[in-house]
Each structure stands twice: as structure tokens, then as C-alpha cells.
Amino acid sequence: VIPTVSDFFSKLFRWHSPEDLRWHLATLVFVVLLPALIFSTLVVLFVLRLEREAAERGVKETARAVALSVDRELASAISALKVLATSDHLTRGDFGAFYEQAKSAIISDGAWIVLFDETAQQLVNTGFPLGSKLPRRNNPERVLQIIASRQVDVSDLYIGALTKRPIIAVDVPVIRDDRVLYVLTMIVLPNTLARVFNERGMPGDWIAAIFDANGLTLARTHNPERSLAQPAPPELIAKLTGSDEGWWPNVTRDGIHVYNAFTRSKLSRWAVVVGVPTATINAPAYRALAILGAGAVLVTLLGFATALLKGKQIARSMKALTDAAGSIGSGTLVMPLTSPVREVNEVSQALHNTARLLAHRLKDLNDEKEARTRLNEQLEQRVIERTNELQGSNADLEAFSFTVSHDLRAPLRAMEGLSQALLEDFSDRLDETGRQYAREIRSSAEHMDQLIQDLLAYGRLARSEMRLSAVSLNGVVQRALDQLSQEVGAQNARISVEQPLPVVLGDYQTLVQIVLNLLTNALKFVPSGIPPQVRIWGEAAGDRERLWIEDKGIGIAPEYHEKIFRVFERLHGVETYPGTGIGLSIVRRGVERMGGRAGLVSSVGQGSRFFIELAAAKPAERAMTDG
Amino acid sequence: MVNNGETILMVEDRPADVLLIRRAFGKANIRNPLQVIGNGEDAIAYLAGTGAFTDRDASPLPCLILLDLKLPRKSGLEVLSWLRAQPELKRLPVIVLTSSKETSDVNRAYELGANSYLVKPVMFDTLLEMITTLGLYWLTMNESPTF
């Protein structure tokens with residue numbers, strides 16, 4: 001699409017849309033060339049004006065020179081006549097002698113001398129032999145005028161009496177004793193005036209003409225024969241009237257456009273008009289303008305072509321740069337460019353350096369990544385190994401539990417069963433000590449069985465997976481109390497549960513085990529013979545819930561508060577308070593596995609308050625449990 | 001008195017347990033003949049009637065098997081698995097009588113086709129109660145499959 005000039009300017013002043021480089025360069029060329037072109041045009045126009053003024057001056061001077069030449073011609077004729085007028089032959093009236101004298105005084109061809117008397121009758125005429133019959137002058141009033149004025153005068157054009165042709169007369173009075181005797185006249189054919197044009201050596205295309213005071217043509221460079229005695233065009237006459245000099249454009253009778261310069265002759269009052277064709281005057285101007293225009297076009301074309309060419313070169317370099325920059329992202333090594341634009345080369349070098357740097361960084365990153373991957377793999381491997389080891393020890397633990405439950409209990413069964421068999425089947429053969437021993441074997445076996453059972457329960461608690469859900473502690477407490485109903489009844493215990501009990505996140509079976517253990521302790525550790533009193537209630541502790549179990553039992557000294565939660569830790573002999581020392585360990589381990597904690601407030605003789613603290617169930621889960 | 005005349009096979013390696021169970025059978029008044037085998041391999045041989053047990057008069061097919069799990073050479077579970085794969089023996093009622101309360105053992109035994117799973121109690125009184133009930137249920141009330 002070829003942009004129009006208005007496009008160009010609207011783009012020049014609106015930078016919204018980015019243009020390509022060539023456009024910018026073209027703009028630059030345009031902006032630089034435009035003032036230069038305007039300035040040179042102004043200079044050329046100025047020079048042309050000077051030229052034109054010079055031409056005008058030249059033409060005017062030519063006109064003046066022609067006028068001067070005409071005056072000189074006339075002046076020489078007047079001088080010759082004035083000399084003749086003083087001749088003695090005229091004083092004496094000897095016309096024959098005068099005739100000869102006048103003939104010798106004729107200065108050029110096409111001119112002759114005539115002597116008139118006061119009646120304008122020709123007396124002597126050098127154009128005819130002496131004694132010829134001579135007529136009267138065609139314009140006798142001029143003779144009378146000369147006699148009256150006694151002044152030299154040059155006539156306008158008139159028709160000669162003998163020649164019957166247009167002629168000019170230069171008249172001089174012949175004065176004797178203060179009286180005009182004759183009028184001496186030189187008759188000149190107008191075409192002799194044309195000589196003055198040749199004298200000036202005017203260029204062939206110039207047109208010059210001499211008009212008499214009546215506006216009739218005396219001489220003309222073009223068509224001299226046909227123009228003779230022709231009147232000047234009226235508009236020319238209007239220009240000539242009332243002034244001695246002038247300069248104006250005109251169209252000649254021949255239809256040529258000219259500039260006219262005119263000067264009036266001082267001697268004769270004739271007008272010399274010189275016309276120069278407009279084309280001749282303007283030719284250098286047009287030539288200069290043409291050269292300027294051609295130059296401007298050439299320079300502009302050259303400028304734009306250079307802009308396009310350079311733009312293309314730069315654009316190609318830029319494109320190469322863009323490609324290079326683009327390929328940096330993909331990690332390719334970019335080689336430096338050799339472009340005619342130094343800045344492009346510099347950017348390219350910078351890109352090359354950046355790419356190299358990036359490649360290094362990338363390599364470092366990759367190395368780092370590989371190292372990390374290796375490390376991760378090693379870590380993973382180690383985790384797998386550890387997991388395997390753990391699984392191995394877990395399996396070992398399983399095997400251990402199996403052995404404990406299976407193999408350790410088998411001998412106990414034998415001890416228990418066989419000691420009972422002894423007591424039942426052979427009691428008649430044992431004395432009381434023997435029977436006591438057998439009973440002791442049996443109760444030891446039973447205790448050990450309880451120990452093993454509790455240990456297994458503790459171990460299972462450690463290994464088994466906890467599935468936490470909303471559990472109503474009310475249900476848990478009721479379940480535990482059900483299981484203890486026999487003991488409660490036997491000891492005549494008073495147990496009060498303060499509703500409502502909280503709903504917590506926990507494992508139902510584990511919670512039952514825990515509450516059961518705590519309640520068992522509350523029922524167990526009382527001074528002998530006194531009915532146990534147990535109070536159970538709930539309490540919110542932030543976003544967690546506590547279950548309190550309080551007894552009025554024997555209490556625990558503060559220094560033992562931590563100890564009692566450890567496995568096999570006991571504060572009393574088996575004979576006083578039977579047990580394995582695992583119950584509270586199960587409580588703590590179980591609560592901790594459900595994300596809670598257990599503790600107590602107690603002192604000796606003041607009873608004990610145990611609590612377990614667990615996360616509260618969310619309302620939605622609680623609603624499900626209640627429903 | 002319980003005695004339907006059919007043999008009960010007890011697979012049990014511990015002499016003390018054998019002693020106690022026999023005593024419990026006596027106290028529970030179960031008079032069925034009781035064959036005791038001490039390891040898994042012999043148990044399979046007995047049931048298959050091979051090796052030392054080819055004489056079916058001396059070692060007759062039992063009407064009930066009491067099977068311990070922890071056994072020398074072949075475990076009780078292996079014996080059970082083998083038994084259930086024998087076309088002519090697979091319907092024999094098997095009561096697992098063992099010390100293990102482990103859930104994995106219990107589930108595995110049922111998966112392999114045990115008819116009942118009992119844990120040997122430490123207390124003899126409890127054992128006696130268990131054997132008495134067992135005799136009443138499996139020997140008197142229960143209808144045995146035919147072969």
C-alpha cells in the first residue's frame with residue numbers, strides 16, 4: 001500500500017502504532033530534506049528575481065542606447081545642415097554652386113538635401129539634377145513654423161512630394177541679417193534608421209521599434225517594410241503617452257509575449273520601444289527551477305532509497321538480534337553477529353555474553369538439580385531401608401507378642417491347672433503347708449497371666465491404628481460402668497455422673513479401656529472397708545474437652561504423679577492393692593495416641609482427680625453421634 | 001456321660017496341655033476315645049492313613065479334630081489348609097484350640113475353614129467349663145457330616 005501524504009503526516013504526529021524501521025528512516029530523510037528543499041527553492045527564487053531585474057535593466061539600457069544612437073544620427077544631420085546654412089553661395093543666391101556644395105555634404109545614402117523658400121517652394125533638391133522642375137513641399141506649414149521659430153526641428157513621418165514615400169525631414173533655418181531667407185532640409189528615408197538596431201547588436205529574438213510623435217512606425221526589427229508608417233497599437237500608444245520611460249509586459253502584433261522597455265528620444269520626441277520575449281527572460285529561471293526540481297527529486301529518491309536500503313540492513317540485523325534473543329531462552333549458544341551497525345554488534349556481543357552466562361548458570365542449575373535428585377534418591381533409599389528396618393522390627397515385635405501370648409502362657413496354664421489338680425485330686429495326701437504351696441503356685445500363675453494380658457494390651461495399643469471419630473464420653477462411661485457393675489455392687493460404691501459429658505475425637509474401644517482402667521483404680525485405691533465414692537464430669541478447656549474422674553481414696557503424693565504412668569510402676573504391695581502396674585500406662589499411651597493428654601490432681605489422704613483431655617468433636621460430627 | 005463311640009483327634013505338642021485337657025475331658029465326663037498327635041506332619045499322616053497310621057482300626061478317622069496352631073514341623077494352619085484340600089476329608093469339623101488370641105491367627109483360621117476357634121484359658125475351671133460345653137455341643141447336639 002502506498003501511503004498518501006496525509007497518512008504520512010498523521011503517522012508523523014501520532015505515535016500510537018509502532019512503525020517499522022524503514023518508515024522511521026524515511027521520516028528522518030523527509031524531515032532533513034524538507035527544510036533544505038524549501039530553503040534552496042527560496043534561494044533560487046531570490047536569484048531568479050535578481051536575474052530578472054538584471055534583464056530588465058539590460059533591456060532598458062538597450063532602449064536608451066538605441067534612442068541615443070537615433071539622436072546622434074539626427075545631431076550629425078543637423079550639424080551638416082547648420083554648416084551648409086552659412087554658405088556664401090546662399091548669401092549671393094548662387095543656387096548652382098550651392099547645389100554642388102550640398103551634394104558633397106550628404107552624409108549617407110537614402111538622404112538628400114532640399115532648399116525651400118518662404119513659400120515652401122523647392123529651390124534646390126540634391127535628389128534631382130540642377131534646373132529640374134521642383135514642386136512645393138507637401139507640408140508647407142512646417143516651413144512657416146521654422147521661419148517663425150527660427151529653431152532647428154525634426155519632423156514626424158510624412159509623404160514626400162516627389163518620392164511619394166514616407167520620409168522624415170530635419171529642418172534648419174537659413175538666417176541672413178536677422179531674417180530667415182530659406183529653410184534648409186535634409187530628407188531621410190526612415191529605413192536608414194534601422195542601422196541603429198544593428199549597431200547595438202541585439203539578439204535575434206528581441207523586437208525593437210521606433211515610433212514618431214504621432215505613433216507611426218519609423219523603424220522596426222521585425223517586418224520592417226510592412227510595419228513602416230503603420231500606427232502603433234492603441235494600448236502601446238496609451239503606455240507611451242505622458243511618460244519618457246516604461247517597463248511592462250505586452251503581446252506584440254506578431255502574437256509574441258514580451259516585456260517592453262521604452263525610452264523617448266530627447267531630440268526628436270520619438271519613442272524607442274525594445275521588447276524581449278518573456279520566454280527569453282524567464283528561460284534561466286525555468287532552467288534553474290527545472291534543475292532544482294530534478295535535483296530535489298533525485299536527492300529525495302536517493303534519500304528514500306538509502307533509507308529503505310539502510311532500513312532493510314538494520315532491520316535484518318535487528319531480526320538477527322531478535323532471533324538471537326529468542327534463542328537464548330531455549331538455552332542455545334548465540335554467536336556474535338557481524339552487521340554494518342556497530343550498536344547491533346555491541347548488543348549481539350552482549351547477547352552472546354548473556355547466553356554464555358546463562359548457559360553456565362543453566363549448567364550449574366542442572367548440576368545442582370542432579371545433585372539434588374541424587375540426594376533425594378539417596379534419602380529415599382535411606383527411607384526405604386529405614387522403613388524396611390522398621391517393618392522388620394515391627395514384625396519382630398509381632399513375633400514377640402505371639403511368643404508372649406502363646407508360649408509364655410502355656411507354662412502358666414500347666415502351673416495353674418496342675419496345682420489345682422494337686423489341690424483337688426491329691427489334697428488328702430498333702431498337709432496344710434503343701435496345700436498352701438500349691439495355692440501359692442496357682443495364684444502366682446494367675447498374676448503372671450494378668451501381667452501378660454495387660455502387657456499385650458499395652459503393646460497392641462502402641463501398634464494398632466487409631467481411627468478417630470466423634471465419640472460420646474457418656475456412652476464410654478456407661479459401657480465401662482456396665483463392665484464394672486459386679487465390683488461396684490460388691491464394694492457398695494457410690495458413683496455419680498454429672499451430665500452432660502462431652503463428645504470428643506477418639507477411638508471408642510480405646511476410650512472404654514482407658515475409662516475402665518481409671519474407674520478400676522478409683523474403686524481399688526480406697527482405705528479398706530470404706531465404700532468408694534466416685535464423681536465423673538466433663539469440662540471444656542479451650543477447643544478441647546476434659547473428662548474428670550474423682551475419688552475419695554487414699555490419694556497420691558505429688559512426687560509420684562509422673563511415676564505412676566510408667567509401665568510396671570506400683571506404689572503399693574500386691575497384697576494391699578493387687579494389680580500389674582500397667583493400667584495407668586495404658587491410660588496415658590492411649591490418650592496420647594488419640595492426640596490428647598492425661599494427668600491428675602492429688603495428695604495423700606485427699607483422694608485423686610484424674611483427667612483425660614482430648615480434642616472436641618466438631619458440631620456436625622457431634623450431631624451424627626447424638627443422632 | 002457323653003460317648004457316641006467316635007474318636008476325637010487332638011493335635012497338641014505340650015504334654016502339660018494334653019494332661020490338663022485329658023483331665024478336663026474326664027471331669028466333663030466325655031468318654032469318647034481320644035487320639036493325641038504331637039506334631040503337624042504326624043497329624044497329616046494320621047488323617048491320610050499313611051506311615052505309622054495305615055491301620056484304620058488302630059488309628060480310626062476322627063469325628064472331631066482339636067487343633068493347636070503352634071506345632072512342631074508343620075503348623076496347625078498348614079494342617080488345616082491341607083485337610084480342606086482333601087476331597088474325602090474336607091468336611092471334618094475342626095476346632096482350633098490354641099493359646100493365641102491374635103486377630104490375625106483367628107481370621108486366618110476361619111479363612112482356611114476352621115469350624116470353631118477356642119482360646120485355651122489359663123484357669124483350669126474355665127477350661128473345664130469350655131470342654132464341657134464343647135462335648136455337649138459338638139458330640140451331642142451337632143450333626144456330623146457323612147463321608
Side-chain angles (χ1 to χ4, degrees), chain A residues 391 394-427 438-467 507 509-510 513 580, chain B residues 10-29 36 38-40 66-80 96-109 117-132 134:
Chain A
Q391 275 169 350
N394 244 353
D396 288 351
L397 214 60
E398 296 272 353
F400 173 74
S401 300
F402 187 82
T403 306
V404 167
S405 65
H406 224 90
D407 297 357
L408 286 191
R409 291 177 75 207
L412 287 179
R413 259 196 320 276
M415 285 159 66
E416 204 276 341
L418 294 176
S419 60
Q420 191 181 353
L422 264 182
L423 285 169
E424 286 179 7
D425 300 356
F426 303 96
S427 68
R439 274 196 293 276
E440 204 51 51
I441 293 171
R442 197 180 164 199
S443 78
S444 293
E446 278 175 27
H447 180 64
M448 183 152 181
D449 185 48
Q450 191 57 50
L451 268 175
I452 291 170
Q453 299 260 36
D454 286 355
L455 256 185
L456 284 175
Y458 183 72
R460 259 201 302 277
L461 198 62
R463 281 181 287 121
S464 66
E465 203 179 320
M466 289 279 164
R467 287 174 190 277
D507 177 70
Q509 287 301 341
T510 309
Q513 176 78 58
T580 57
Chain B
M10 175 162 64
V11 188
E12 174 62 68
D13 65 321
R14 291 169 193 277
D17 277 351
V18 173
L19 215 57
L20 287 168
I21 292 166
R22 271 190 189 284
R23 184 165 182 263
F25 264 79
K27 286 213 147 202
N29 226 352
V36 178
N39 67 68
L66 299 180
L67 183 64
D68 192 6
L69 293 183
K70 189 87 189 302
L71 291 170
R73 310 226 191 125
K74 272 196 161 64
S75 75
L77 291 174
E78 281 174 296
V79 174
L80 182 58
V96 174
L97 183 60
T98 183
S99 311
S100 171
K101 235 176 148 170
E102 292 299 308
T103 321
S104 60
D105 284 341
V106 178
N107 290 348
R108 188 84 190 117
Y117 193 106
L118 300 174
V119 178
K120 290 175 198 163
V122 172
M123 303 299 146
F124 181 75
D125 292 345
T126 320
L127 179 70
L128 180 56
E129 203 177 307
M130 186 182 279
I131 295 296
T132 308
L134 182 147

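To find a chain, count down the sequence lines: A is the first, B the second, and so on, and within it residues start at 1. Only this structure's heavy atoms are used, side chains among them; waters, hydrogens and symmetry mates stay out.
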Worksheet item: Counting only N and O atoms by type, is there a donor-acceptor contact under 3.5 Å from the side chain of A:Glu446 to the main-chain atoms of B:Met123?
Response: no

Fill in: Per-residue contact mode, B:Pro15 against chain A (heavy atom under 4.5 angstrom)
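Neither part, no heavy atoms under 4.5 Å.
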
Practice prompt. Examine whether an atom of A:Gln450 lies under 4.5 Å from a heavy atom of chain B, and if so say whether it belongs to the side chain, the backbone or both; otherwise answer neither.
Written response: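 Interface part for A:Gln450: neither.
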
Worksheet item: How long is the span from the CD atom in A:Glu424 to the CZ atom in B:Phe124, to the nearest 0.5 Å?
Response: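 Nearest 0.5 Å value for the CD-CZ distance: 6.5 Å.
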
Worksheet item: Which residues from residues 18-27 of chain B are near chain A, with near meaning under 4.5 Å between non-hydrogen atoms?
Response: B:Leu19, B:Leu20, B:Arg23, B:Lys27

Name every donor-acceptor pair, under 3.5 Å, that has one atom in a side chain of residues 125-132 of chain B and the other anywhere in the protein, sequence neighbours excluded.
residue	atom	partner	partner atom	Å
B:Asp125	OD1	A:Gln420	NE2	2.4
B:Thr132	OG1	B:Leu128	O	2.7

